[in-house]
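Report on the structure given below.
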Amino acid sequence: MDINGTHHPHEPRPGQCLRTFLREEGMLGVKKGCDGGDCGACTVHVDGVPVHSCVYPAVRANNKSVTTVEGLADGDTLHPMQENFLAAQGFQCGFCTAGMLMTTATFDDAQKDNLPRNLKGNLCRCTGYRAIDDAVHGVSTDMTETQDDCGHVGASPGAPAGRAVVTGTARYTLDVDPGDYPGLLHMKVLRSPHSHARILSIDTEAALRVPGVQAVFTHEDSPALLFSTAQHEIFTDDPDDTLVLDSVVRHVGQRVAAVVADTVAAAEAGVRAVVVQYELLPAVLDPAKALFPGAPAVHGDKNAATSRIVDPARNIVAELHTELGDVAAGLAEADVVHQETYTTQRVQHTALETHASIAHVDAEGRLHVRSSTQTPFLTKRALARVLGLAEDRVHVVAGRVGGGFGGKQEMLTEDIVALAALALGRPVQLEYTRTEQLTASTTRHPFTIRLSAGAKHDGTLTALAVDVLVNTGAYGNHAPGVMFHSCGESLAVYQCANKKVDARSVYTNTVPSGAFRGYGLSQMFFAVESAMDELAAGLDMDPMEFRRRNMVRDGTPMLSTSPAPEEDVEYGSYGLDQCVELVVDALRRGEERYRDAGLDDLGRDWAVGTGTALSMIDTVPPSGHYAHTAAQLLPDGTFELRVGTAEFGNGTTTVHAQVAATALNSRARLVAVRQSDTDLTEHDTGAFGSTGTVVAGKATLLAAEELAAQICKAAAAHTGVTAETCTLVPGAVDCGGTLLPLDRLAALLAGAGTELTAHGRWGGTPRSVAFNVHGFRVAVNTGTGELRILQSVQAADAGVVVNPRQCRGQVEGGIAQALGAALYEEVVVGPDGAVENTILRQYHIPTFADVPRSEVYFAKTHDVLGPLGAKSMSESPFNPVAPALANAIRNATGVRFTALPLARDVIYLGLQEARLHMPAVPVLAT
């Protein structure tokens, strides 16, 4: 087989797909996202024709020419499509990019003109597709650094890893040299077929006889320490209810045994050979029924105090009951009251890179783990705690991570591979299949929200109360945090003297929930923002005017129902009013465009409406979020940053380079960033809660400012001037009119046996707030339930926008993911407790054709708490999308939909139901 112009003599194994063969031949740009021909990440050319290599038999490629992304360029000259993707930055995490390139590189002009059809086989979870559209059509958003634009804060330099991403040389978790892991073993996991059962016996003899199987691990090999897979700075924030391997299984898909073998195929055969006897136990799948007296106790064997579970016997992981003012009185004085129950569904993160880890033990007995994680430092700490190791005997590193969205704020693979590596003394790798990702990782928490709200005729909000039931699934990872967070900013964004929260997070025998983009806020804002529109309708008031009268204003108290008032949250800047007006103005202009084009009347069956929603989010999670950065002057006069935060499409690498370049008055391309390695820095809580800029970036700013001061002091000492007269310029220090090149200064320092390194640390407090407002114009076919999005617009208050192009991409990606959750994404759990949509084609994430091009606007604010005025903007664009869409449908049809997702059949049936309950029109007698 010829691969990228070179003959490869190896023969594929019987039944081997082309994807695994190519990766074994060193073509690591060929990615695995589904193994079912659904995502396109593995696309390569066979004799010039793009194919999904995961479903293409490798033997069919014999005597043919295969081209992977590594062979797309001509030496150092990139293919035009690679240049286009760089110029438009048509990627974020980049895991899908190789496949996108291999598909689009073959397109002619006619195919480029019909991307909704011709890109249907390539999925992207990060970008929202606008940047990909621009790339394919050769639209450049590049802002290449010039002498006047050094890539400082406010500019849009490209991602430092851009060229590596488009050439397939960026290294993700499993893109490793086999020589670095001699004797690598592969793990596969036997998972429970039952929603609740006790393991009576496990017979591993047949499995151990399978050729290549080295070991089988069961609950008898598991450490006895209970822990949580959730990763937080304070690990006691989550209940200790999990074992590496347990003798009781509590959901379909839970680990039962782990088989380690020389090959994946042997490990899979070993899994099939394990024989398990179970004692079936009563299961509870409905969170409301889980609260009934006598309901099966999912964790009835746990001690409430030591496990930090509120009431194991009643399945209550965490609860909150608090009231501000007098809600009953507030409802009584209201002129209009809205009471409704809202529900949101399970949603899967669907990062294209599945969970994966490799663990090995070095000659000194130190454990090393390479993992697809958002939290390498917390994972290191958790591994040490669970496995009984000193923390300095554990090292965790994350390569480039192929998407996260909160799903990788968990320890789902690292513990089991580390256990095996320590026992066997050989490297062990575990990579989730897409089916495991859907059935055995985590999802967004499903919510049921009973809401009551009241308002006076003048638009004053008099009462806002919620009774919240959160389904945490079989384990309590993130259960308390999501519940508390969901009831925070979603209520605090409105000024109302009377607020009440009753909330419970409960166990069920279903797939565990976990951290997900928004961390509970998207679920709650769906209910709260729907209610705001209903109150406005009852008052015959414009919904946005009703919000203006009640939303928080700069300096007004954020009235929280939290049991412990968050006194460190303040208005570092305020841009909600700007966001409201930006969206209102954009929708007005959109209406004018449609009217001028003669598109305001789509016909008798189509109803057109607009809807809006707002959201607020704290820029940092509570209880501390820590980061450390080291900044160093290198011998060649450039700079190096060592940071803890991981890069998974969140863009923090670019942000760190820009912040440092601004503080050092250098160029962003002269700042190299090393990251997400627990041996590089002291500590970093992790890349979650939108903290990559406001916490880790603040640590970088402090380190860079300190390094700048050290450089000026050293330059002054070598030039005989005062440090106050020295200023940094790109590549040099201006010492009172005399330029001292930085490489010369570094050489002088090296000659004296010194180097310049500075450190910055930040603890995440005080915290600011960020705002997002979304608006839709939609058309609904009242006869069929078809929904068309005519206009989508979001305004965001991100403070000073560090990189406008990149931040726009974050907003667009959040909108696209939120549209999937609003319209059709749902992890369906069947009556036996098993997830029913087990492959990607059964779980519909947005394709190119599904996502409208959104207008994105930024408020002009400067946050006094964030680095150089910046605020967070990764999670929050997701939060207002679903309620804005539901409000637009309500405005168009007059029907309030209270449950997500808003699929076409749901809309159709809802409209039909509304017609059945419409009052009859009287017929006059003749």
Side-chain angles (χ1 to χ4, degrees), residues 89 91-94 124-128 131 156 159 347 349-351 373-375 400-409 444 485 489 515-522 525 575 579 615-621 625 627 643-656 658-659 675-676 684-698 700 764 767-772 774 794-818 821 854 856 858-859 863 866-867 870-881:
Q89 195 150 309
F91 57 87
Q92 284 182 25
C93 84
C124 174
R125 192 54 156 168
C126 295
T127 64
S156 292
V347 178
H349 312 80
T350 326
T373 180
Q374 296 173 228
T375 58
R400 190 174 180 89
V401 177
F405 316 113
K408 293 172 181 175
Q409 194 190 337
R444 185 176 75 163
H485 188 240
E489 296 98 298
F516 188 96
R517 197 174 200 166
Y519 213 65
L521 286 179
S522 66
F525 272 118
C579 290
S615 66
M616 179 174 79
I617 190 171
D618 296 342
T619 57
V620 184
H625 198 108
V643 302
T645 187
E647 174 64 62
F648 51 93
N650 49 350
T652 53
T653 311
T654 317
V655 166
H656 286 298
Q658 288 186 259
V659 168
Q675 61 196 123
S676 54
D684 188 282
T685 299
F688 62 88
S690 304
T691 55
T693 295
V694 294
V695 178
K698 187 68 173 278
T700 289
R767 302 178 289 151
S768 187
V769 285
F771 301 97
N772 297 76
H774 201 94
Q794 186 165 132
D797 173 19
V800 173
V801 181
V802 176
N803 186 308
R805 174 171 68 165
Q806 182 171 278
C807 195
R808 177 188 177 189
Q810 288 291 313
V811 174
E812 291 169 333
I815 294 169
Q817 191 177 35
S854 293
V856 177
F858 294 109
D863 198 81
K871 292 199 282 196
S872 58
M873 195 50 58
S874 290
E875 292 182 278
S876 57
F878 187 101
N879 296 331
V881 172

Shortest non-hydrogen contact from [X] toward [Y]:
{"X": "T652", "Y": "G692", "value": "CG2-CA, 3.4 Å"}
{"X": "V659", "Y": "G697", "value": "CG1-O, 3.9 Å"}
{"X": "Q806", "Y": "N650", "value": "NE2-O, 4.4 Å"}
{"X": "I815", "Y": "Q794", "value": "CG1-NE2, 3.6 Å"}
{"X": "V620", "Y": "R767", "value": "O-NH1, 2.7 Å"}
{"X": "D684", "Y": "A627", "value": "OD2-CB, 3.5 Å"}

Nearest-0.5 Å distance that lies between atom OG1 in T373 and atom CD in Q409:
9.0 Å

Just verifying a value: how many Å separate C93 SG and R400 CZ, rounded to the nearest 0.5 Å?
7.0 Å

Check for a donor-acceptor pair, side chain of [X] on one end and backbone N or O of [Y] on the other, with a separation under 3.5 Å.
{"X": "Q810", "Y": "G649", "answer": "yes"}
{"X": "S876", "Y": "I617", "answer": "no"}
{"X": "K871", "Y": "V769", "answer": "yes"}
{"X": "T691", "Y": "F688", "answer": "yes"}
{"X": "Q374", "Y": "G406", "answer": "yes"}
{"X": "H349", "Y": "A515", "answer": "yes"}
{"X": "Q89", "Y": "R805", "answer": "no"}

Side chain to side chain, [X] and [Y], heavy atoms closer than 4.5 Å:
{"X": "L521", "Y": "E489", "result": "yes"}
{"X": "T700", "Y": "V643", "result": "yes"}
{"X": "V802", "Y": "C807", "result": "no"}
{"X": "N879", "Y": "H774", "result": "no"}
{"X": "F858", "Y": "V811", "result": "yes"}
{"X": "F405", "Y": "C126", "result": "yes"}

Give me the ring orientation class for F516 and F878: parallel if the planes are under 30° apart, tilted from 30 to 60°, perpendicular past 60°.
perpendicular

When D797, D863, T619 are each screened for side-chain hydrogen bond (donor to acceptor under 3.5 Å, both in side chains) with S768, the one that passes is D863

Under the side-chain hydrogen bond (donor to acceptor under 3.5 Å, both in side chains) test against S522, which residue among Q817, R517, E875, R444 passes?
R444

